[in-house]
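Structure first, then comments.
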Amino acid sequence: MQQITSLLRRPVQRKMSGRWLRYFEALAGQAEDKTLSERLSALQGSYNILVVAEMWCPDCHRNLPAIRAVARSAPHVSLGLITREDAGNEFSAFFGIDKIHIPFAAVLNSNFELLGKFIERPRNANDAQGNMTDRYRKGEMLLDTTREIAAVLFRAEEAAAHCRRQNS
């Protein structure tokens with residue numbers, strides 16, 4: 001756990017570069033959902049999103065802007081971004097995985113307990129045969145990424161609210 005908390009405490013690379021990343025950043029801005037952003041801004045709990053990514057990865061180019069949009073919309077969400085090399089074996093052991101597929105976004109509570117994860121692409125980015133859809137390839141499914149990450153946060157908020165009601 002110490003390694004995970006230290007990885008999150010590193011400053012997030014603020015300026016990402018690359019032609020494709022800029023392209024998907026622009027698309028992520030167009031794909032924002034006002035209602036979703038309002039719900040994210042109302043989150044009460046503190047959360048962390050730790051993303052393992054590489055700048056050469058097309059899936060990272062597509063999904064990082066959407067993940068960053070979630071963190072920007074939610075005032076109590078910290079975002080950490082590391083490379084697969086930085087993640088290392090301790091990361092794999094902590095999350096119980098053999099191989100780190102990227103992007104790998106771990107959504108954690110304030111105690112760094114895993115609430116959910118997003119791996120590579122949205123669930124519906126592949127067709128029935130398992131092939132990547134053209135919609136995903138063109139960046140038309142960024143809102144799906146945002147919704148999947150946000151859904152983890154919303155479930156955590158609902159569970160916390162339920163616990164508060166039970167204890168009062």
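In this chain, residues are counted from 1 in sequence order. Keep in mind that the numbers below use all heavy atoms, side chains included, and drop hydrogens, waters and symmetry copies.
Taking each heavy atom of M141 and P122 in turn, the nearest pair found is O-CG, 4.0 Å. Between V52 and I102, the closest heavy-atom pair is O-CG2, 3.5 Å. In this structure, A53 and L64 approach most closely via the heavy-atom pair CB-CD1, 3.8 Å. In terms of heavy-atom proximity, N124 sits nearest to D144 at ND2-OD2, 2.9 Å.
R39 places no side-chain N or O within 3.5 Å of a backbone atom of T35 that could act as its donor or acceptor partner. Looking at R121, its side chain never comes within 3.5 Å of a backbone N or O of D59 through a donor-acceptor pair. Counting only distance, with no hydrogens or angles, the side chain of E54 and the backbone of C60 share no donor-acceptor pair below 3.5 Å.
Residue E38 qualifies as enclosed at atom CD: its count of foreign heavy atoms under 6.0 Å is above 12.
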**Test log, rule side chain to side chain contact (heavy atoms under 4.5 Å, CB included), inputs E148 and T145** = CA-CA 5 Å; E148 285 187 25; T145 299; 6.0 Å; no
**Message:** Show, in sequence, the C-alpha distance, side-chain angles and deciding distance for F104 and I97, and conclude whether the side chain to side chain contact (heavy atoms under 4.5 Å, CB included) test is met.
**Reply:** CA-CA 11 Å; F104 181 103; I97 54 176; 3.8 Å; yes
**Request:** Would you sort out whether Q44 and E157 count as a side chain to side chain contact (heavy atoms under 4.5 Å, CB included), showing the intermediate values?
**Result:** CA-CA 7 Å; Q44 298 297 307; E157 282 285 297; 3.7 Å; yes
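Each side chain to side chain donor-acceptor pair (under 3.5 Å) pair with one or both residues in residues 93-110, not counting sequence neighbours, appears once here: N109-E113.
At least one side-chain heavy atom of L79 sits under 4.5 Å from a side-chain heavy atom of R68. Residues F154 and L43 have side chains in contact (heavy-atom distance under 4.5 Å, counting atoms from C-beta outward).
Here N111 contributes atom CG and S46 contributes atom OG; the two are 10.0 Å apart, rounded to the nearest 0.5 Å. Interatomic distance, CZ of F95 versus CG of L50, reported as 6.0 Å (0.5 Å rounding).
A side chain to side chain contact (heavy atoms under 4.5 Å, CB included) with V51 is found for exactly one of I67, V107, N63, I149, namely I67.
Side-chain contact check for Y136 and N131: no donor-acceptor pair (N or O, by modelled atom type) lies under 3.5 Å. With 3.5 Å as the limit, one finds a donor-acceptor pair spanning the side chains of H162 and Q166.
Not counting sequence neighbours, the partners of R135 by the salt bridge (Lys or Arg N to Asp or Glu O under 4.0 Å) test are E140.
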